[in-house]
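To find a chain, count down the sequence lines: A is the first, B the second, and so on, and within it residues start at 1.
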Amino acid sequence: MVKERIERVKGTRDLLPEDMAKRRWVFERIREVFEVYGFKEILTPTFEYTKLFQLRSGEEVVKQLYAFKDKGGRDISLRPDLTSSVARLFVNKFQNAPKPVKWYYITNMFRYEEPQSGRLREFWQAGVELIGSANIEADAEVIALMIESYLATGLREFTVNIGDRVLLDEFAKMLGVEDDIGLMRLIDKKDKMSREDFIASLKDFGLSDDAVEKVLFLIELKGKPDEILPGAYELFKSDKAKEELKKIEELFELLKAYGVEKYALIDFGIARGFDYYTSIVFEAIAPNDLGIGSIGGGGRYDNLIGVFGGKPTPATGFAIGIERLIPILESKGLLPSFRLSPDVFVVYIGKELEVKAKAIEITQALRKAGIKAEYDLQGRKLRKALEYADKLEIPVVVILGKRDLAEGKATIRDMATGEQKSVAIEKIVEEVKEMLG
RNA sequence: GCCGGGGUGGUGUAGCCUGGUUAGCACAGGGGACUGUGGAUCCCCUAGCCCGGGUUCAAAUCCCGGCCCCGGCCCCA
């Protein structure tokens, strides 16, 4: 016989019962916060026309699509994020809905990248989109929500670092740099290299000594607003930049009102990709030794709806990377432990149908009472059945044999103490409930 | 797409450099010793060299290609 082993597809993961229990717990914590903030859950299709994702361009983006032709010859891609789909949905059906539109999603995404630490080809994100408000309150709302989402999972050591694309643009203009994207790309990499290498790469990029000084000054603008903003007001002279700085100042005032300002920092070196963000951008960082950088991020994208053919509509949002968050929570011992085994194991002795049937009836009665119960489908001998229950740490075993049955009773065993009692069959549910507390 | 390190029963591993008995060990799984009482012991069973090609009398072992894993680069919406 030829056995061909089928492997998992590269960059994908099998999620086992323990994994699912953890994920479900984390999803629920996050979902609760999303809901109390008034966001409503949506889900768009797993795949869309490739065109949808190409529209907001970026050659890299297209290269990392999981793209294919379907049988009808359509060019299709698995969604690399939900923002594009949400924008499409909004343009298709919700342009005249009352504003703001507040949506959230918890689902999987696909990107064709080389897998590495904290990066798979299929991954899950929990995110929100807030569409229809250009006010800084909308930015504050989603940033506060992001912070509270992490707090809900028990995480405490993290910061949400806030940057601004307008300021980076103004900065590039100030330096007379035409390739502003190239400059942002370099600035984004600042933490990955030594100061000397960073300076060298800036010079290679063509910056004058004076401009290099300014860049170094800019990336030092990282911290609490009262420490940072005075320096920022000195660095930026244009009206547009000053106006933007005022917004950020207000943003932090609002975050104070939300009660989450201690988790928020200014970091003007944050660029977060280069395609659709237009103003405030932010990313969440949680110190860890797992090699995991950002655990989530987002920002304002005021042009995207227009790009997709809608009337220009401001929007902001964020996404939390579940595959990055869970290992961090786990390494900090913040995840509860989950019991997957049943609470009661019903064992019958012998092969008689009558006994077997009674065991099933007892199991069903327990289940109807909401108790996680199983009976021994393997038909093990009592000794093996107890070993099994012990191994799975099942706290209560109900033993049913002909002798018990003759008296209309069953034996209930407390696996921790080994204590047993003989109980009338109709009293079993009641008795077990009491034992399980 | 590129670079480095890996891939031996379900899991963890020895063996690989230096090719040569039946690929060893531990745990897990199933059964028995023990026909109504667990965490112990003993015995038995199940199950493996990632795939393909090459070199060789002989390949888990050496060579080439592919796939997958771990990590890094690019990129990270």
Pair of N/O donor and acceptor under 3.5 Å linking B:C75 base with A:Arg185 side chain |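 Flag unset: no donor-acceptor pair detected.
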Do A:Arg383 and B:U37 share a donor-acceptor pair, side chain to base, under 3.5 Å?
->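 By the distance-only test, no, there is no pair.
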Between A:Lys421 and A:Glu431, does at least one N-O distance fall below 4.0 Å, as a salt bridge requires?
->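 Here A:Lys421 pairs with A:Glu431 in a salt bridge, since their nearest N and O are under 4.0 Å apart.
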Would you mind checking if A:Lys240 and A:Glu243 are paired as a salt bridge, meaning a charged N to carboxylate O distance below 4.0 Å?
->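 No, this pair does not count.
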Interatomic distance, A:Met184 CE vs B:A77 P [rounded to whole Å] |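 Atom CE in A:Met184 sits about 13 Å away from atom P in B:A77.
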Length of the line joining A:Arg119:CZ and B:C69:P, which is rounded to integer Å |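 Atom-to-atom, A:Arg119 to B:C69, this comes out as 14 Å.
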For A:Thr44 and A:Arg88, does a side-chain donor sit closer than 3.5 Å to a side-chain acceptor?
->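 The criterion, which ignores hydrogens and geometry beyond distance, is not satisfied for A:Arg88 and A:Thr44.
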Using only heavy-atom distances, determine whether the side chains of A:Glu148 and A:Tyr37 contain a donor-acceptor pair under 3.5 Å.
->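 On atom types as modelled, these side chains qualify, holding a pair under 3.5 Å.
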How is A:Glu387 classified with respect to the nucleic acid when contacts are heavy atoms under 4.0 Å: base, sugar-phosphate, or nothing?
->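 Sugar-phosphate: the residue A:Glu387, judged by heavy atoms under 4.0 Å, touches backbone atoms but no base.
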For RNA chain B, whose closest nucleotide is more 5', that of A:Gln378 or that of A:Leu400?
->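 Residue closer to the 5' terminus by nearest nucleotide: A:Gln378.
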Of A:Gly118 and A:Tyr388, whose nearest nucleotide on RNA chain B comes first from the 5' end?
->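 On the 5' side of the pair lies A:Tyr388.
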Report yes if a side-chain nitrogen or oxygen of A:Arg380 is closer than 4.0 Å to either non-bridging phosphate oxygen (OP1 or OP2) of B:G30; otherwise report no.
->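 Looking at the OP1 and OP2 atoms of B:G30, one of them is under 4.0 Å from a side-chain N or O of A:Arg380.
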Is any side-chain N or O of A:Lys384 closer than 4.0 Å to OP1 or OP2 of B:U37?
->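 No, because none of the side-chain N or O atoms of A:Lys384 sits under 4.0 Å from OP1 or OP2 of B:U37.
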